[in-house]
Every structure is written in C-alpha cells, then in structure tokens.
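Have a look at the structure below before the remarks.
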Amino acid sequence: MDMNTGKIELPKQAREFGFFVDGKWVSAGARKLIERRSPAHDVAVTRITRCTVEDLNHAVSVARQAFTDRRWSGLSGTDRAAVLLKAAEGIRARAEELALLETLESGKGISQSRGEVLGAASIYEYAAGAARALHGDTFNNLGDNMLGLVTREPIGVVGLITPWNFPFFILSERVPFILASGCTIVAKPSEVTSATTLVMAEILSDAGLPAGVFNVVTGSGSEIGQAMTEHDDIDMLSFTGSTAVGRRALLASVGNFKKLGLELGGKNPQVVFADADLDEAADGVVFGICFNAGQCCVSGSRLIVEKSVAADFEARIAEKLSRVRVGDPLDPRTQVGAIVTEQQHDTILSYIGKGREEGARLVCGGGPLVTDQGRFVMPTVFSDVTMDMAVAREEIFGPVLTISTFETFDEAMELANDTVYGLAASIWTKNLDKATNAFRRVQAGRVWVNTTIAGGPDLPIGGFKQSGHGRETGIYGVEEYTEVKTVHIALGKRDLWV
Ligand code: NAD
C-alpha cells in the first residue's frame, strides 16, 4: 500500500477457486477454468471453475437432501439467527479480503467495495432478527369446533443467479433472507465476479451453517444459469440481471412451475421540480448516474427537470461532474472506477454514438477516458432528449444521463412513466403535496424523495412492470421464500356424515 495515498497494490498472482458443495471445496480438477482480468489493470486476478451441468445437478441433489432431512429448516429461528449473526462477524473479519476481490473483479472503487462489504454484514444482522420474527396467522373466530392456522414453510431448494454489478451486496440482499426462511440454496454468481460468493460459502460454513445448505457452482450463464432456470428440482429461482435474460428464465420455469423472483433492469427517472433545493438535487443526480460507473439497476439515468430551471440545473450538473474523480479503483479517493467488461464498454460507447446521431445535445463527457490500461468512460450528459431516442428508452448501464424538460406536473409524470421499466424513481421538491402526489403517481417499486439510492435492508425492494416480480429484503424478503399453508383443526366430536 502507498502510505501517502492509501493506494493498494495489485496482487502478484491470480487467486484460483474451486467451487463449494456440501460444506466442502471441490477443486477444479480436469474442468476448464475461467480467468478474470481486472477491468482497470488488464491483469489476471482470479480463476474460477467452469462447472458442468452434472456439477449443478449434484449440487441441487445435495441441497435437496439438506432440505428434506430438515437439518436447517427444522431449527428454531433463534438457532438460524445465531448462524447469521456469526456470518456477519465472519464478513467483518474478512472485510478487506472481500473488498479487494470485489474491486479487482468488478472494477469498482475500493472505498465503495469496503462500504458494500460492511453494509452486507449489517444485512445479515437484520435478517437474523427476521428469522426470529417470521410467523403465520391464526383464526380463532371459526366457532368452538374449529381452529384455523396459517403457517409459513420454507419453499424448498432455491436457485440463486446474481449479476456482476454488485456481486457481494446483491448476494447479501438475498442469501440471509433465504436462509432465515429455512430454505437451502444453490447459487451461481456471474462468471466475471464469482470470487466473493465463493468466499461467502466458506464464511457461512465457518459460522456453523450445516453442510449442503449453501452451495455455489460457477460457470457460464448460458450453460449453468440456463440449466438452473430449467431445473425440475429447484422450487424457486431468484434471478437478478437483465430483463432479456429474466424473460428467458420466465419461459424456462414452466417445466415445474417453479416460483420466480425477478429483479431486472431499470431506466429510472429523476424528477426535479423548480422548487427543489437545486444544489442538493444536482448533487443527487450526479451521484445517481456516477454510482458504480452507472452500472447500477437503480441508476437515475433520466433527468426530467422543470423547464424554468433547466438551464441553471444543467450548468450545476456539468460543474459538479467536472469534479468527480474517475480512475484507478485501487485508489481509495476514486469515485468512478472501471467498466466491467470490454462488451459493456462497447455498449456504452455505442449508446453515446447513438445519442449524437439522434440529435441530442452533448453537455459533457462523450467518450472513453484515455488511460494506459483498463477501460473507463467519462460521465456523459445529453440534453434536449426526447422519449423517442434510444438513449432515453433503453437501459445503457453506464454513466450516461439524459435530460428532458417539462412544464406541468402531469407532463412530468407522463415522462417519468413513459418506460417499460418500473424499478426506481427520485423526486426532488420541497413542496410536500407535490412530492406526495408524485410518489403516488410514479410507477416504480422504489421511490426516493429528496434523495436517491438510499436505504437499508428494512424495506422491501423490487420492480413494477418489466423490472421484475416479487420483493427482496425486509420481512417481505423472508416471506417471499415461504409457502403459505392453511390448516383447519376440528375440535370436539365430529358431526357424522354417514
Ligand atoms: P445478465 O442478465 O447478463 O446476467 C445476470 C446473471 O444471469 C449472470 O449470473 C449470468 O451468468 C446469468 N445468465 C446469463 N445468461 C443466462 C441464461 N440464459 N439463463 C440463466 N442465467 C443466465 O445481467 P448482468 O449483465 O450480469 O447485469 C446487468 C443487468 O442486471 C442489468 O440489466 C441490471 O439492470 C440488472 N440488475 C438488476 C438489479 C435489480 O435489483 N433489479 C440489480 C442488479 C442488476
């Protein structure tokens, strides 16, 4: 580490991982490996195993056995909570290792990774409480001869597919809730960011999670992921990723009618009214598009600003963006790191090209940041954007903001809802009536008023429209992984039918 800047050095060699099934590491053996190069430095940092469909089938049968023999689901909420609390301790103890792996594989700034890892530990602590709070219902109003119960039972074996943008944080918004419900898991992380999921398997095992309850297979989405979506012995699939792959998962689930939790894409509006605190709103908009280099499902990528303040607001954004630090993710001062893959980099640049061709006015940015190594994109803003342009309609998943203007409240709401997505929205105004009317009208699973990308595990998350199905986190996030069972208990002597 550089003592003046706090900048971390690249590891000397790539770390190699097997996969984790039935409480043990399985080494790659003769299987192929997938090498991951740091997107910011172009050097190999990890190698993971390209698991086969047989490996997946074995992991599912292990998770099935662990579910059926009730080694986990049969424990009390208190005992499950104890394991989750120990896991939180384990995450804190290995926080620096996890944060570094996350940064090396994803390209996000190390300070951000550290924050996400510590945030993840606190999610496990929240979910420990939820494991104890989970309960059903009783109907004591059915007369003296009948008692009604509604019990919640864990749904069974859960397949968990996660994306590359927040590999550890998204995993942690799912796993402790699934475990709190009593289910068992087979997880498949993104092939470019699998390391922290694998380390988590070891942390959970060290925390006392029984063998076979949390298993990880690694490999390609089109092979292992697709086989998971089709698998007849997986009871529920929690998929987080693009809407296109989510649609495939939906189609593939028909074989056994598995329950689906889908957390998909977004094209999220930032609605700024003239009476907002414009400086704070501009700060929020800049954060909302730069966070994780815009590779964030809840990125505020569509600014919809009241015409009377639009020019002033645009200038504020450009000025603030000029001060955002883009660069080496191993430097703790970096705010915007690298773009995750060559393909994602090309996609973002092609959208910037489209924005120009479609006649949007470039305010700032507009291309790659030229560096000796790695791939970076300068935060980019397009103004005079209309909703027929691809940059306004499609999820770019990069630091590209579009600006459109409105004159009336209704027009603002129409623009905000003019999208197939419904993941998140932010509203900036100091007028309470306006804020309330706006959050009621906007079609999104998560709405922020006078802030953006904020909040913890207490409240549920999920999308409207093509942004998904179901909810994660909060007590809803545990209930999501349960089946509801209705029980009628007859009391006293039966009134004979025959
Ligand atoms: P992706 O859909 O390409 O991949 C997500 C996961 O699915 C990966 O693990 C991948 O290996 C796997 N996969 C790929 N093909 C598959 C297939 N045919 N069957 C099953 N699994 C398959 O998404 P990504 O590029 O990793 O992530 C970016 C996308 O994820 C964006 O659209 C973003 O909005 C979305 N996302 C949504 C949320 C949310 O909470 N709503 C959070 C993060 C990311």
Side-chain angles (χ1 to χ4, degrees), residues 34 36 39 48 50-51 53 56 105-108 116 159-174 186-197 216-231 234 237-253 258 260-268 291-301 339-348 351 394-398 419-424 444-446 453 455 457 460-473 477 480:
I34 301 175
R36 177 63 178 155
I48 58 150
R50 191 181 281 279
C51 288
V53 173
L56 168 70
E105 287 194 333
S106 73
K108 70 177 72 196
E116 287 172 11
L160 178 59
I161 299 181
T162 50
W164 46 255
N165 57 344
F166 295 92
F168 194 66
F169 198 77
I170 286 179
L171 182 82
S172 308
E173 285 179 330
R174 315 281 183 274
V186 179
K188 193 216 78 72
S190 164
E191 51 274 46
V192 295
T193 54
S194 297
T196 51
T197 302
V216 184
V217 289
T218 49
S220 87
S222 55
E223 192 186 3
I224 302 300
Q226 182 71 28
M228 246 169 131
T229 61
E230 292 168 4
H231 208 293
I234 288 179
L237 180 79
S238 167
F239 173 84
T240 306
S242 59
T243 293
V245 179
R247 187 169 281 117
R248 294 179 72 121
L250 191 62
L251 294 172
S253 68
K258 64 175 65 63
L260 281 184
L262 297 175
E263 298 276 329
L264 309 174
K267 190 74 187 174
N268 311 296
F291 182 55
N292 215 47
Q295 304 166 116
C296 179
C297 54
V298 291
S299 267
S301 51
I339 301 301
V340 71
T341 56
E342 197 75 52
Q343 189 193 357
Q344 187 63 19
H345 188 246
D346 292 349
T347 302
I348 300 169
Y351 273 111
E394 294 168 26
E395 187 187 45
I396 299 174
F397 229 55
T419 165
V420 296
Y421 297 110
L423 196 59
R446 271 205 270 184
I453 316 185
I461 58 176
F464 284 23
K465 304 200 276 186
Q466 292 185 31
S467 291
H469 277 175
R471 293 293 177 269
E472 307 281 357
T473 73
E480 195 74 29

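Along the sequence shown, residues carry numbers from 1. Whatever order the structure lists them in is the order used to number ligands and atoms, beginning at 1. Note that the structure is a prediction, hence the values are computed from the model and not measured.
Set against the non-hydrogen atoms of Asn165, the atoms of ligand 1 under 4.0 Å away are 43 (C), 44 (C). For ligand 1, the atoms lying closer than 4.0 Å to a non-hydrogen atom of Ile161 are 6 (C), 7 (O), 9 (O), 12 (C), 20 (C), 21 (N). Close approach of ligand 1 to Thr240 (heavy-atom distance below 4.0 Å) involves ligand atoms 5 (C), 37 (C), 38 (C), 39 (C), 40 (O), 42 (C), 43 (C). For ligand 1, the atoms lying closer than 4.0 Å to a non-hydrogen atom of Leu423 are 41 (N). If you number the atoms of ligand 1 from 1 as listed, the ones under 4.0 Å from a heavy atom of Gly225 come out as 19 (N), 20 (C), 21 (N). Contact atoms of ligand 1 toward Ile170: 42 (C), 43 (C) (distance under 4.0 Å to a heavy atom of the residue).
Remark: distances from the non-hydrogen atoms of Pro189 to ligand 1 include one below 4.0 Å.
Between Glu263 and ligand 1, an N or O atom pair is found at a separation short of 3.5 Å.
With rounding to the nearest 0.5 Å, the separation of CZ in Phe291 from CZ in Phe166 is 4.0 Å. Note that the CG atom of Leu264 and the OG1 atom of Thr240 stand 8.0 Å from one another [nearest 0.5 Å].
Checking side-chain atoms of Thr243 against main-chain N and O of Gly265 turns up a donor-acceptor pair under 3.5 Å. Between the side chain of Arg471 and the backbone N or O of Gly477 there is no donor-acceptor pair closer than 3.5 Å. Counting only distance, with no hydrogens or angles, the side chain of Ser467 and the backbone of Gly422 share a donor-acceptor pair below 3.5 Å.
Side-chain polar atoms of Glu395 and Tyr421 form no donor-acceptor pair below 3.5 angstrom.
Counting all heavy atoms, side chain and backbone alike, Lys258 lies closest to Ala252 at NZ-O, 4.5 Å.
Only the backbone of Thr162 comes within contact range of ligand 1, with a heavy atom under 4.0 Å; no side-chain atom does. Contacts between Phe166 and ligand 1, counted as non-hydrogen atom pairs separated by less than 4.0 Å, are absent for every part of the residue. Looking at Glu395 against ligand 1, only its side chain comes within 4.0 Å, counting heavy atoms.
In this structure, atom 23 (O) of ligand 1 lies nearest to the protein heavy atom Ser242 N, 3.4 Å. The protein heavy atom nearest to atom 11 (O) of ligand 1 is Glu191 OE1, 2.6 Å.
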